[in-house]
Amino acid sequence: VNAVPSDFAPFIGAGENRFIGGVAEKYGLKIDIDAAKIEAYGIYDELISGTDCAMKGTADFIRNAKKAGIKTALATSADKIKLDVNLKAIGFSITDFDYAVWGNKVTHKKPDPEIYLTAAKGLALDARDCLVVEDALNGVQAAKAAGAFCIGLLGSFSEEELKKAGADIVLKDLSFFGTFSSHEEFSCRLETLVK
């Protein structure tokens, strides 16, 4: 089977079972999903080790939010092993967030809102009081279904696609926010985008 990158696009952000399994289904292949995921994680770890794979401004944004006293949650449909690989590659760990939820901790993956509702609850917040940053259409749809305000980041999808999925605003990356050290500074920058 000669799968092409576009075969995977509908499954971005929906967790590895759908990302790998969805393409296998498309081609009528029967696979051992657990074995396929282990192999994929190994390849993925090799590919991103030693690279700066974070979207521009992401690491600074997380650090600034923590300094400003803004609660942060990590919500990913990925399995824990992939989450750990990604965090290690950008110099973070789960303990850098106030709450973390990953694919194995929820029943329904994105685009279902469960993961964002769970994250908000873990922060003792209502999802309507949360800002979600997403780069995948499934994630944007999940954020909006949860009632959160959503920033879509360009990367895998175009501005038009992210807006169509429901993103309230679309940014190239998080460097727009620059350095901020208080909730007020952050809110002012966010308000300039919403106007």
Side-chain angles (χ1 to χ4, degrees), residues 8-22 33-34 37-38 40-41 44 53-55 58-59 61-153 155-157 161-171 174 177 183 186-187 190:
F8 293 89
F11 308 109
I12 293 173
E16 284 74 36
N17 286 25
R18 289 302 302 142
F19 188 76
I20 296 169
I33 193 69
D34 292 325
K37 288 193 307 185
I38 289 169
Y41 296 142
Y44 182 74
C53 61
M55 293 179 123
T58 301
F61 181 85
I62 295 166
R63 285 187 203 97
N64 289 331
K66 294 301 287 179
K67 280 189 251 172
I70 297 170
K71 291 181 178 182
T72 59
L74 178 68
T76 178
S77 290
D79 290 348
K80 176 86 165 46
I81 188 169
K82 185 176 179 188
L83 166 63
D84 290 336
V85 167
N86 284 333
L87 287 175
K88 180 181 81 174
I90 63 171
F92 285 94
S93 73
I94 283 180
T95 59
D96 292 311
F97 298 87
D98 296 298
Y99 188 79
V101 58
W102 50 88
N104 310 74
K105 290 180 98 178
V106 294
T107 305
H108 304 99
K109 309 285 192 297
K110 301 172 188 174
D112 188 276
E114 181 183 359
I115 201 158
Y116 286 121
L117 295 171
T118 301
K121 186 176 179 183
L123 294 174
L125 295 171
D126 187 298
R128 292 174 294 200
D129 297 323
C130 294
L131 165 69
V132 170
V133 178
E134 261 294 347
D135 67 338
L137 304 181
N138 285 319
V140 171
Q141 292 167 354
K144 295 312 297 174
F149 187 86
C150 184
I151 294 176
L153 292 183
S156 299
F157 298 96
E161 290 170 309
L162 290 164
K163 288 253 185 184
K164 188 175 178 185
D168 294 292
I169 53 177
V170 175
L171 295 175
L174 290 175
F177 290 97
H183 194 277
F186 173 73
S187 294
L190 186 58

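Using modelled atom types, no side-chain atom of D79 and backbone atom of I81 make a donor-acceptor pair closer than 3.5 Å. With N86 contributing its side chain and L83 its backbone, the two residues share no donor-acceptor pair below 3.5 Å. Side-chain N or O atoms of N138 include one that pairs as donor or acceptor with a backbone N or O of P10 at under 3.5 Å.
A salt bridge links D84 with K80; the closest basic N to acidic carboxylate O contact falls under 4.0 Å. The existence of a salt bridge linking E134 and K110 is confirmed by a sub-4.0 Å separation between a basic side-chain nitrogen and an acidic carboxylate oxygen.
The only member of L87, V101, D98 that meets side chain to side chain contact (heavy atoms under 4.5 Å, CB included) when paired with L74 is L87. Checking each of V106, T107, V132 against I115 for a side chain to side chain contact (heavy atoms under 4.5 Å, CB included) leaves exactly one that passes, namely V106.
Partners of F61 according to the ring-ring contact (aromatic ring centres under 6.0 Å, His included) rule, which considers only residues two or more places apart in sequence or in another chain, are F177, F180, F186.
The two atoms that bring A146 and P113 nearest to each other are N-CB, 3.5 Å, heavy atoms only. What you find for Y116 and A75 is that their closest heavy atoms are CE2-CB, 3.7 Å. A127 and L117 make their closest contact through CB-CD2, 4.0 Å (heavy atoms, listed as atom of the first residue, atom of the second, distance).
Note that CG of N17 is 5.0 Å distant from CD1 of I33, once rounded to the nearest 0.5 Å. To the nearest 0.5 Å, atoms NZ (K121) and CD (E114) are separated by 10.5 Å. Rounding to the nearest 0.5 angstrom, the gap separating the CD1 atom in I70 from the CG atom in N64 is 9.0 Å. A distance of 9.0 Å separates SG of C130 from NZ of K71, quoted to the nearest 0.5 Å. Note that the OG1 atom of T72 and the CD1 atom of I62 stand 7.5 Å from one another [nearest 0.5 Å].
Considering only heavy atoms from C-beta on, L137 comes within 4.5 Å of E161 through its side chain. Under the 4.5 Å side-chain criterion, counting only non-hydrogen atoms from C-beta, F149 is in contact with L190. By the 4.5 Å heavy-atom criterion applied to side chains, K82 and F19 are not counted as neighbours.
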N/O donor to acceptor pairs below 3.5 angstrom from side-chain atoms of residues 162-170, sequence neighbours left out:
{"unit_1": "D168", "atom_1": "OD1", "unit_2": "K144", "atom_2": "NZ", "d": "3.2"}
{"unit_1": "D168", "atom_1": "OD2", "unit_2": "K144", "atom_2": "NZ", "d": "2.7"}
{"unit_1": "D168", "atom_1": "OD2", "unit_2": "C150", "atom_2": "N", "d": "2.8"}

**Request:** Determine, step by step, whether T118 and Y99 satisfy the side-chain contact (heavy atoms from CB on, under 4.5 Å) criterion, reporting the C-alpha distance in whole Å, the side-chain angles of both residues, the deciding distance to 0.1 Å, and the verdict.
**Result:** CA-CA 10 Å; T118 301; Y99 188 79; 3.8 Å; yes
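Counting heavy-atom neighbours within 6.0 Å of K66 NZ, excluding the residue itself, gives a total above 12.
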